[in-house]
Amino acid sequence: SWKQPKQHLPLKIFALEVIMAVLYVFSKKENEKKERLRIQAQMELDYSDVVSKMAILMGSGMSVKQAWNRISARYLDERAKNCKAQRAIYEQMVITMREINDGENEIKAYQKFGEITGLSCYHRFSRILVSSLQKGNKEICQTLEQEAQEAFENRRMLARKLGEEAGTKMLLPLMLMMVIVIAIVIAPAIVSFGT
């Protein structure tokens, strides 16, 4: 008697679907992690800009709330005109501005801003703003200017680090191109020796 061997096709398809689902979940988590790291890097680069704007506006006589609202409103205007790309830290500043305008305590809103960003530089920035509101610190402009100078130094170091990383990432393609060029140059010589 002859029988066709069993293929177990449904079992194989089910196993393949399970493997694909697991790979999809891991891929999604990896993409979320990369996006989170990209946003954090973007926020670190924007830190010096935010602090210097606050220092300038508060140095001109504005209160913390007025300066915050001015920066947020300018960002919203630029976004409405499509002059500026979406920046995570400014989006968070807009959220904080709206919370304050909706009646939330200003100190709590700035503390929440520092916590949500998750970066130590913004924690420090929110502490400076909160201490100025609580104690009425008259030297806040000088403190913010010093913080802006440190932020520019950190930004310069971060830009140097990113440049070095980009140079390292370019090594592999350059090496591959060099191998291809060497193969193109050597191939005719090898062929001519063979004849």
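These values consider heavy atoms only, across backbone and side chains, with no hydrogens, waters or symmetry-generated copies. Heads up: numbering here begins at 1 and tracks the sequence.
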Going from OH on Y75 to CE on M93, what distance comes out if it is rounded to the nearest 0.5 angstrom?
11.0 Å
Please name the pair of heavy atoms, one in L45 and one in S48, separated by the smallest distance, quoted to 0.1 Å.
O-OG, 3.8 Å
Cluster question for you: counting only ILVMFWY and a side-chain heavy-atom cut-off of under 4.5 Å, with indirect links fine, are V64 and I107 together?
yes
Intermediate values then yes/no, side-chain contact (heavy atoms from CB on, under 4.5 Å), K29 and V25:
CA-CA 6 Å; K29 285 184 180 180; V25 168; 4.0 Å; yes
Rounded to the nearest 0.5 Å, what separation is found between the CG atom of D46 and the CD1 atom of I39?
11.5 Å
Is it true that a side-chain atom of E91 and a backbone atom of Q86 form a donor plus acceptor pair closer than 3.5 Å?
no
Does any donor atom in the side chain of Y47 or E147 lie under 3.5 Å from an acceptor atom in the other side chain?
yes
In Å, rounded to the nearest 0.5 Å, how long is the span from CD of E44 to CE of M157?
11.0 Å
Does Q146 reach the main-chain N or O of T143 with its side chain, forming a donor-acceptor pair under 3.5 Å?
no
Carboxylate-amine/guanidinium contact R98 D102, below 4.0 Å:
no
Are Q40 and L37 packed together at the side-chain level, in the sense that at least one heavy-atom pair is separated by less than 4.5 angstrom?
yes
Flag for D49-Y90: side-chain donor and acceptor within less than 3.5 Å
yes
Joint cluster assignment, V94 & M62, ILVMFWY side-chain distance < 4.5 Å:
yes
Pairwise distance CD1(I56) to CG(L144) - rounded to 0.5 angstrom
11.0 Å
Parallel, tilted or perpendicular, as decided by the 30° and 60° cut-offs, for the rings of F113 and F125:
perpendicular
Shortest non-hydrogen contact from A67 to M54?
CB-SD, 3.8 Å
Crowding at CZ, R70 (>12 non-hydrogen neighbours, <6.0 Å):
no
Validation row: E30, S27 side chains within 4.5 angstrom (heavy atoms):
no
How close do A109 and I100 get, counting heavy atoms only, and between which atoms?
CB-CG1, 3.5 Å
Candidate pair E17 and M20, rule side-chain contact (heavy atoms from CB on, under 4.5 Å), full reasoning:
CA-CA 5 Å; E17 287 177 354; M20 293 297 286; 5.6 Å; no
Flag, side chain of S131 to backbone of R127, donor-acceptor distance under 3.5 Å:
yes
Do N69 and N101 pass the side-chain contact (heavy atoms from CB on, under 4.5 Å) test, and can you show the C-alpha distance, the side-chain angles, and the key distance before you say yes or no?
CA-CA 9 Å; N69 287 346; N101 291 340; 4.0 Å; yes
Would you call R156-E153 a salt bridge at under 4.0 Å N-O?
yes
Lys/Arg N to Asp/Glu carboxylate O, E106 vs K65, below 4.0 Å:
no
Salt bridge E164-K161, side-chain N to carboxylate O under 4.0 Å:
no
Given the rule that I, L, V, M, F, W and Y join up when any side-chain heavy atoms are under 4.5 Å apart, are F152 and I71 in one cluster?
no
Exercise: identify the closest heavy-atom pair between H123 and S126:
O-OG, 2.9 Å
Can you tell me how far the CE atom of M170 sits from the CE atom of M177, to the nearest 0.5 Å?
8.0 Å
Can you check whether I19's main-chain N or O pairs, donor with acceptor, with Y24's side chain at less than 3.5 Å?
no
Cluster link I190 to I182, ILVMFWY, side chain under 4.5 Å:
yes
Salt-bridged, K112 to E99, with N to O below 4.0 Å?
yes
In Å, rounded to the nearest 0.5 Å, how long is the span from CE of M175 to CD1 of I180?
12.0 Å
Does the side chain of Q92 pick up a donor-acceptor pair with the side chain of Y122 at under 3.5 Å?
no
Determine, using the 4.5 Å side-chain heavy-atom cutoff (strictly less than), whether M97 and I95 are members of one ILVMFWY cluster.
no
